[in-house]
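As the structure lists them, so they are numbered: ligands from 1, and atoms in each ligand from 1. Computation of the quantities below employed the complete heavy-atom set of this structure, encompassing side-chain atoms and omitting hydrogens, waters and symmetry-equivalent molecules. Remember, it's a predicted structure, so these values are computed and weren't measured experimentally. Just so you know, residue 1 is the first one in the sequence shown, and it goes up from there.
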Amino acid sequence: MAKKVGIITSGGDAPGMNAAVRAVTRCGISLGYQIIGIRRGFKGLLDDDFSTLTLRSVSGIINSGGTALHTGRCPETKTKTGMNKAVKTINELGLEGLIIIGGDGSLAAGNALSKRGVKVINIPASIDNDIYGTDETIGYDTALNTAVEAIDKIRDTATSHDRIFVVEIMGREHGFLTLDVGLAAGCEFIVVPEIKPDINKLALELTKGKERGKTSEIIAFAEGSGSSVDFAKHIGKLTGLEVRVSNLGYIQRGGRPTARTRILASKFGYEAMQLFHKKQFNRLVGLIDGKIVSTSVERAIKREKTFDEKALKLLRNLSV
Ligand code: F6P
């Protein structure tokens with residue numbers, strides 16, 4: 001009888017999760033495993049919500065956003081009772097182990113299950129791109145392109161009206177997405193939680209920009225930096241210029257994955273099943289310097305991804 005492996009998408013959905021599920025399922029089946037799709041994240045282990053995935057049940061999903069397995073944030077994974085129930089379901093189902101696709105919360109839950117003897121491989125998926133052990137997470141490139149396209153549109157209004165725009169970008173406690181959005185959309189400034197902004201200096205620079213003939217000025221503002229509305233009001237007062245806020249919100253999480261996201265997800269899915277088959281457990285698949293690698297989950301959890309301050313300087317130098 002084929003050994004069973006469970007697959008979960010958990011935490012915030014990210015475009016490309018489906019492409020990863022497809023890759024895990026098809027690579028897993030070719031290695032002789034039966035793949036069990038757990039639905040609605042870890043909740044599926046608590047509510048016994050799962051079904052076998054087949055070569056055909058993952059057809060036609062490589063190009064769709066969200067996750068066909070559904071997902072959720074599951075606070076029970078932080079409790080002893082929740083974890084015990086999850087392990088019980090895994091044992092009753094006869095699962096050899098789990099492939100978990102998600103962000104930092106999923107890493108933590110996977111690690112907790114590992115400590116209880118479950119064989120786990122993690123695949124990083126989050127639009128925030130905030131996971132140590134990979135230069136890129138599944139979904140990131142898609143969210144980046146969505147946000148850049150949106151700012152290109154906002155730029156039209158900003159230029160036509162000679163306005164300043166504060167555009168809020170997702171990313172919970174980190175500004176990785178905001179930095180790349182800022183670079184790609186030619187934003188004048190970014191505000192990120194990693195670097196405390198000097199608001200007086202920023203206001204002065206915005207005014208100087210106007211004096212140099214700039215019609216529009218756009219500040220990409222990471223959600224973890226506080227209230228974009230309060231920030232915009234403050235900037236308006238300091239500069240006397242017209243400021244508007246646009247919160248891009250959930251449009252950044254959805255949508256068809258870009259080709260880059262789909263390729264990354266496919267490679268991660270393949271690598272995850274290879275690691276599982278080679279019995280290299282509690283590892284996080286990643287992309288580093290263009291190569292598919294893996295890191296121990298313990299290490300990925302302990303370390304923080306570094307913020308690229310050089311890229312931030314470049315952004316400022318290019319937005320003169
Ligand atoms: O982790 C992805 C993310 O979209 C963050 O950027 C954001 O802070 C968070 O999820 C929002 O989560 P939820 O949709 O569960 O409120």
Peer 1: Less than 4.5 Å apart, any side-chain heavy atom of Asp47 and any of Arg40?
Peer 2: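 A side-chain contact under 4.5 Å is absent here.
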Peer 1: For atom 14 (O) of ligand 1, which protein heavy atom lies nearest, and how many Å away is it?
Peer 2: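 Atom 14 (O) of ligand 1 sits closest to the protein heavy atom Tyr250 OH, 2.7 Å.
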Peer 1: Test of understanding: given a 4.0 Å heavy-atom threshold, classify the contact between Gln252 and ligand 1 as side chain, backbone, both, or neither.
Peer 2: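 No part of Gln252 comes within reach of ligand 1.
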Peer 1: Do the side chains of Lys267 and Glu136 get close enough for a salt bridge, i.e. N-O under 4.0 angstrom?
Peer 2: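 Result for this pair is no, no salt bridge flagged.
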Peer 1: Considering heavy atoms of the protein only, find what lies nearest to atom 4 (O) of ligand 1 and give residue, atom and distance to 0.1 Å.
Peer 2: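 The protein heavy atom lying closest is Arg253 NH1, 2.8 Å.
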Peer 1: Rounded to the nearest 0.5 Å, what's the gap from CZ on Phe276 to CD1 on Ile7? Could you check?
Peer 2: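 Answer for the CZ-CD1 pair, Phe276 versus Ile7, is 11.5 Å.
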Peer 1: Show the atoms of ligand 1 that are less than 4.0 angstrom away from any heavy atom in Gly171.
Peer 2: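 In order of number, 6 (O).
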Peer 1: Considering only the protein, which heavy-atom contact is closest to atom 8 (O) of ligand 1, and what is its distance?
Peer 2: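 For this ligand atom, the closest protein heavy atom is Glu223 OE2, 2.5 Å.
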Peer 1: As a quick check of understanding, evaluate salt bridge (Lys or Arg N to Asp or Glu O under 4.0 Å) for Lys305 and Asp130, giving each step before the final call.
Peer 2: CA-CA 6 Å; Lys305 201 168 192 169; Asp130 57 351; over 6 Å; no
Peer 1: Students should be able to answer this: which protein heavy-atom is nearest to atom 12 (O) of ligand 1, and at what distance?
Peer 2: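 It is Arg73 NH2, 2.9 Å.
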Peer 1: Examine Met170 against ligand 1 and note whether any of their N/O atoms are separated by less than 3.5 Å.
Peer 2: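 Met170 vs ligand 1: no N/O contact under 3.5 Å.
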Peer 1: Working to the nearest 0.5 Å, report the span between NZ of Lys4 and CG of Leu93.
Peer 2: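 If I round to the nearest 0.5 Å, the distance is 5.5 Å.
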Peer 1: If you draw a 6.0 Å radius around NZ in Lys278, do more than 12 non-hydrogen atoms from other residues or ligands fall strictly inside?
Peer 2: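 Count over threshold, so yes.
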Peer 1: Suppose we measure from atom 6 (O) of ligand 1 to each protein heavy atom; which comes out shortest, and what is that distance?
Peer 2: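 Going atom by atom, the protein heavy atom closest to atom 6 (O) of ligand 1 ends up being Asp128 OD1, 2.8 Å.
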